[in-house]
Amino acid sequence: MWNLIMHFLAFTGDISAGVVVMCILRGGKRADEEFEQMQGGAG
């Protein structure tokens, strides 16, 4: 039973970490695009 609980916690932890990383990457890409627009480098 303890083994099942540990596997479940590891699985949910991995999913949570993946979601956090994806959000950080999307936010970074958006910030880069806004920075380029501020610099006038459209194109």
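It should be emphasised that the depicted structure is a prediction, and the values quoted were computed from it without experimental measurement.
Sorted pairs that involve residues 17-34 and meet side chain to side chain donor-acceptor pair (under 3.5 Å), not counting sequence neighbours, are lacking altogether. Applying the side chain to side chain donor-acceptor pair (under 3.5 Å) test to every pair with at least one member in residues 2-17, sequence neighbours left out, gives these pairs: Asn3-His7.
Here Phe35 sits alone; no ILVMFWY side chain lies under 4.5 Å from its own, so it joins no hydrophobic cluster.
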